[in-house]
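These notes concern the structure reproduced below.
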2 protein chains.
Amino acid sequence: MSIRVTVDIIIFTIRQQELCVLLVKRGIPPFKGRWSIPGGFVLERESLEDAARRELREETGVDEVYLEQLYSFGKPKRDPRGRVITIAYFALVKAAGIHPEAGSDAAQAQWFPMSGLPSLAFDHQEILDYALLRLRNKLEYTTVGFELLPDKFTLTELQRVYEAILDRKLDKRNFRRKMELLGILRPTQEFRKEGSHRPARLHRFAARQFETLKDKGILFPF
Amino acid sequence: MSIRVTVDIIIFTIRQQELCVLLVKRGIPPFKGRWSIPGGFVLERESLEDAARRELREETGVDEVYLEQLYSFGKPKRDPRGRVITIAYFALVKAAGIHPEAGSDAAQAQWFPMSGLPSLAFDHQEILDYALLRLRNKLEYTTVGFELLPDKFTLTELQRVYEAILDRKLDKRNFRRKMELLGILRPTQEFRKEGSHRPARLHRFAARQFETLKDKGILFPF
DNA sequence: CCAAAAGTGTTAGGAGTACACCCATGG
DNA sequence: CCATGGGTGTACTCCTAACACTTTTGG
């Protein structure tokens, strides 16, 4: 019993303080002209994760990003062409100017804010919903949030990332205290001047040693 | 690009206050004679979950159990026969006398305590490790623990389930207070008499309404 | 001096942890 | 009356949440 196997990758980033996802416009049927999550077939000799990284590179030109397997979707009729199951991954890329078109087989790729998504092909809306859920959950007990920021960032920028993903406002003082308690930030001597107000100190993420925060008994509220 | 796709199911239960997993002895090469996680090929017209439920039924004769997709494993060489990826599921079955042999294609099936596992075929040890990790995590913030108990149970039995999975002792009073706070137990008027000591009150699980406890802000310690 | 974002501290409520004794029963 | 597991309460710590003003800068 052989089945065609694809990987689909939900690529998230933050743009203009909004959570965005990379979608590609389908050039061929089915769903021609509809937007979809980028993906492709798994090759004979590559692992699932390798396939996901390859697709990611083809679409965004970037490598070395956060990538995690999400879930496998395999309803018999999810693809009208026949039996195709997909292993979905999700990736987090740093905002720093990634041009979707940098890839090779980019029919047409574009960032969409989660608040304004087009109608998606296949069961891709379901996959995307699940990815957002996972991302929100992981934000609580891991440091994935930092994967969406450049090397140096302000505390407000960090807070905006959390707010964008959780889709609600957080208290500035409580947010900062929590980060302080976690001890995963290293302040630098640099400041970001921007507009006519007090400059913000830049910080670095300094905690490769643990991705899980559970140990510290500190979580983010939902 | 077609690939053979299997589902493998890690079936957990509690026996004699120990966490156990169902394994089957392979009757054919490769790994003939080695123990492995039960599984089989996904059929053309069934969903992944349907395939998992079918396998589960064939192995244990039970249906209506907790079943959850775990992870997909797809390294090119994980099966010496060629390219096979597997979608792993994990199931929790109630202790109440399930005879592994009840199934159809049961070559030879047997419960093994997690503390005394044999050497496993393929990458099944890796899959099992991951399943245990997931189970432990879910125990903290969901009510999956109840899936391993019969309809009515004593508080001590419940605590033993948590202890078996987490592999450490818990404080009786704190454990009970937490359950009390969660409000997910309904005491019955029945008692279990067993040996020469005070009988234990039987309780029911009474919270189908939510599987996630996060909302309540109460978690189990790790 | 005005506008705008950066930065900072206190209090009250509640869950987590550690810990020791009496209760009910059968033999 | 004794052995066995069932059942209960308190004190302390620490995280969480709510909440408002001062600081620094550019214009």
Side-chain angles (χ1 to χ4, degrees), chain A residues 16-17 139-142 149 152-164 166 168-204 212-222, chain B residues 16-17 139-143 149 152-164 166 168-204 210 212-222:
Chain A
Q16 286 119 32
Q17 310 193 347
L139 203 59
E140 282 186 279
Y141 64 94
T142 71
L149 286 170
K152 297 170 190 171
F153 49 85
T154 70
L155 295 177
T156 300
E157 284 166 350
L158 180 60
Q159 186 175 338
R160 295 281 176 271
V161 168
Y162 277 77
E163 290 177 339
L166 298 175
R168 63 187 185 78
K169 290 273 171 231
L170 299 174
D171 181 85
K172 183 162 56 160
R173 282 167 293 187
N174 293 339
F175 182 83
R176 288 172 185 224
R177 181 181 19 250
K178 240 174 278 192
M179 286 296 164
E180 179 66 30
L181 271 164
L182 288 170
I184 54 180
L185 293 182
R186 267 223 322 278
T188 69
Q189 293 313 310
E190 297 167 69
F191 294 83
R192 171 160 303 151
K193 296 191 184 189
E194 197 173 59
S196 58
H197 55 81
R198 181 170 173 176
R201 184 181 291 273
L202 292 175
H203 294 254
R204 283 176 194 279
T212 293
L213 302 179
K214 217 170 0 189
D215 322 321
K216 304 213 125 190
I218 298 171
L219 299 173
F220 277 90
F222 214 129
Chain B
Q16 286 122 30
Q17 310 193 347
L139 203 61
E140 280 186 282
Y141 64 94
T142 70
T143 57
L149 285 169
K152 298 170 190 169
F153 48 84
T154 69
L155 294 179
T156 300
E157 284 166 348
L158 180 60
Q159 185 175 339
R160 294 281 177 270
V161 168
Y162 277 78
E163 291 176 339
L166 298 176
R168 62 187 188 80
K169 290 275 172 230
L170 298 175
D171 180 85
K172 182 161 60 161
R173 281 167 293 187
N174 293 339
F175 182 83
R176 287 171 185 224
R177 180 181 21 250
K178 242 175 277 194
M179 285 295 163
E180 179 66 30
L181 272 164
L182 288 169
I184 54 180
L185 294 181
R186 268 221 322 278
T188 70
Q189 293 313 310
E190 298 169 69
F191 294 82
R192 171 158 305 152
K193 297 191 185 189
E194 197 172 59
S196 57
H197 53 82
R198 183 171 172 178
R201 185 181 291 272
L202 292 175
H203 295 254
R204 281 178 195 278
F210 63 101
T212 294
L213 302 179
K214 217 170 357 189
D215 321 322
K216 305 212 129 192
I218 298 170
L219 299 173
F220 278 91
F222 213 125

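Just so we're on the same page: letters track the sequence lines, and every chain starts at 1. Predicted, not measured: the structure shown is a model, and the values here were computed from it. Reckoned from all heavy atoms, side chains included, excluding hydrogens, waters and symmetry mates.
Comparing Thr156(B) and Arg177(A) against DNA chain D, the residue whose closest nucleotide sits nearer the 5' end is Thr156(B). Residue order along DNA chain C, read from the 5' end via each residue's closest nucleotide, puts Arg198(A) first among Arg198(A) and Asn174(A).
Between the side chain of Arg173(A) and the base of dA6(C), no donor-acceptor pair of N or O atoms lies under 3.5 Å.
Protein atom CG of Asp171(A) is 14 Å distant from nucleotide atom C1' of dC21(D), rounded to whole Å. A straight line from CZ of Arg201(A) to P of dT25(D) spans 12 Å, rounded to a whole angstrom. Going from atom CD of Gln17(B) over to atom P of dG5(D) covers 10 Å, rounded to whole Å. Lys172(B) has its NZ atom 7 Å from the C1' atom of dG5(D), to the nearest Å. Phe175(B) has its CZ atom 17 Å from the C1' atom of dA18(C), to the nearest Å. Atom NE2 of His197(B) is separated from atom C1' of dG27(C) by 12 Å (rounded to the nearest Å). Atoms CZ (Arg192(A)) and P (dA6(C)) sit 11 Å apart, rounded to a whole Å. Atom CZ in Phe191(B) sits about 13 Å away from atom P in dG26(C), given to the nearest Å.
Listed for the Gln17(B) side chain is no donor-acceptor partner under 3.5 Å among the backbone atoms of Ala164(B).
When the side-chain nitrogen and oxygen atoms of Lys193(B) are compared with OP1 and OP2 of dG6(D), none of them lie within a distance under 4.0 Å. Note on Arg176(B): a side-chain N or O is less than 4.0 Å away from OP1 or OP2 of dG7(D).
Ion pairing between Arg160(B) and Glu157(B) fails under the 4.0 Å rule for side-chain N and carboxylate O.
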